[in-house]
Amino acid sequence: MGAPPHPEPTSNPPAPRPVDPDSPAPRPLHLQPGALALVFLGGIAGTGMRYLLEELFPAHGTGWPWATFGINLSGSFVLGALLEVLALAGPDEGWRRRVRVLVGTGFCGSYTTYSSFALETAQLGHHGAPGTAIAYAAVSVVGGILCVWAGIALAGAALRGLGGEVA
């Protein structure tokens, strides 16, 4: 039993090194002020939209929390569609990254609300509607997954229908 065989060389060239090996590596996205500003701006818009919808359609007693339910399902759909469009448009860089950070992370991240979903589910159970709580939790999770899938499928189909095959 000799030494293990050497791995076959790959045809992929190594990543280019910076011109100055002493120069710092680029900052990760989550530490870039411009990216943080985009998340902040998207977060303001998403939070404002969620607040308005929750005010227009408040949850009452042991009834179905329609505002949070609709917010989470619509946010899932938007996120699925957005990410499909951006993935089909090319690599995650430049304008595509900025849109993903602004709309995906900022807007959708603050528009959808796991904390309200969890609180409303617990309150339904606590106030004597455990069946509604279980149904709300199950339908919200399954519905969210289906909405993401629908957003991906519809966005992909729409892009292909508009311009033929997408890269």
Side-chain angles (χ1 to χ4, degrees), residues 12 26 28-32 34-127 129-167:
N12 296 337
L29 185 62
H30 70 281
L31 296 177
Q32 295 176 16
L36 294 174
L38 290 173
V39 172
F40 181 75
L41 291 173
I44 289 170
T47 301
M49 178 72 74
R50 177 169 39 93
Y51 175 79
L52 289 174
L53 291 171
E54 293 282 359
E55 287 295 310
L56 286 172
F57 306 101
H60 295 289
T62 58
W64 194 271
W66 286 108
T68 303
F69 182 71
I71 287 166
N72 287 340
L73 294 186
S74 62
S76 296
F77 178 87
V78 168
L79 187 59
L82 170 73
L83 295 180
E84 179 70 359
V85 167
L86 294 176
L88 293 175
D92 184 38
E93 55 192 33
W95 69 269
R96 289 176 295 275
R97 179 175 290 172
R98 289 188 296 275
V99 169
R100 177 179 59 82
V101 169
L102 174 71
V103 180
T105 304
F107 180 84
C108 289
S110 65
Y111 173 67
T112 59
T113 172
Y114 183 79
S115 58
S116 292
F117 161 70
L119 176 65
E120 290 166 345
T121 301
Q123 286 179 333
L124 286 169
H126 181 72
H127 293 292
T132 303
I134 291 167
Y136 175 59
V139 172
S140 291
V141 171
V142 172
I145 292 167
L146 291 174
C147 285
V148 166
W149 174 82
I152 291 168
L154 290 173
L159 284 177
R160 287 180 186 87
L162 288 174
E165 199 58 37
V166 181

Tell me whether [X] contacts the main-chain N or O of [Y] through its side chain, where contact means a donor paired with an acceptor under 3.5 Å.
X	Y	answer
R97	D92	yes
S116	T113	no
S140	A137	no

Can you tell me how far apart [atom1] ([X]) and [atom2] ([Y]) are? Round to the nearest 0.5 Å.
X	Y	atom1	atom2	answer
E120	T68	CD	OG1	3.5 Å
E84	L159	CD	CG	7.5 Å
H30	T105	NE2	OG1	12.5 Å
L79	S74	CG	OG	11.0 Å
L73	L146	CG	CG	9.0 Å
F117	S115	CZ	OG	11.0 Å

Within a strict 4.5 Å, meaning less than it, do heavy atoms of the [X] and [Y] side chains meet?
X	Y	value
L88	R160	yes
F107	L82	no
T112	R50	no
L154	F77	yes
T47	Y111	no
R96	V99	no
L102	L41	yes
L124	Y136	yes

Check: Once the angle between the rings of W66 and F69 is folded into 0 to 90°, is it parallel (under 30°), tilted (30 to 60°) or perpendicular (over 60°)?
Finding: perpendicular
Closest heavy-atom contact between [X] and [Y]?
X	Y	answer
S110	G42	OG-O, 3.8 Å
A155	V85	CB-CG2, 3.8 Å
G125	A133	N-CB, 3.7 Å
C108	G75	SG-O, 4.1 Å

Next item on the list: Could you go through the side chain to side chain contact (heavy atoms under 4.5 Å, CB included) check for T62 and T132 one step at a time?
Entry: CA-CA 8 Å; T62 58; T132 303; 5.9 Å; no
Check: What's the verdict on side chain to side chain contact (heavy atoms under 4.5 Å, CB included) for R98 and W95, showing C-alpha distance, side-chain angles and the deciding distance?
Finding: CA-CA 5 Å; R98 289 188 296 275; W95 69 269; 3.7 Å; yes
Notebook entry, point to check: Near H126 NE2, under 6.0 Å, is it more than 12 heavy atoms from other residues, nucleotides or ligands?
Noted result: no
Next item on the list: Output, in order, the C-alpha distance, side-chain angles, deciding distance and verdict of side chain to side chain contact (heavy atoms under 4.5 Å, CB included) for V139 and W64.
Entry: CA-CA 11 Å; V139 172; W64 194 271; 4.1 Å; yes
Next item on the list: Check step by step if side chain to side chain contact (heavy atoms under 4.5 Å, CB included) holds for E54 and I71.
Entry: CA-CA 9 Å; E54 293 282 359; I71 287 166; 3.8 Å; yes
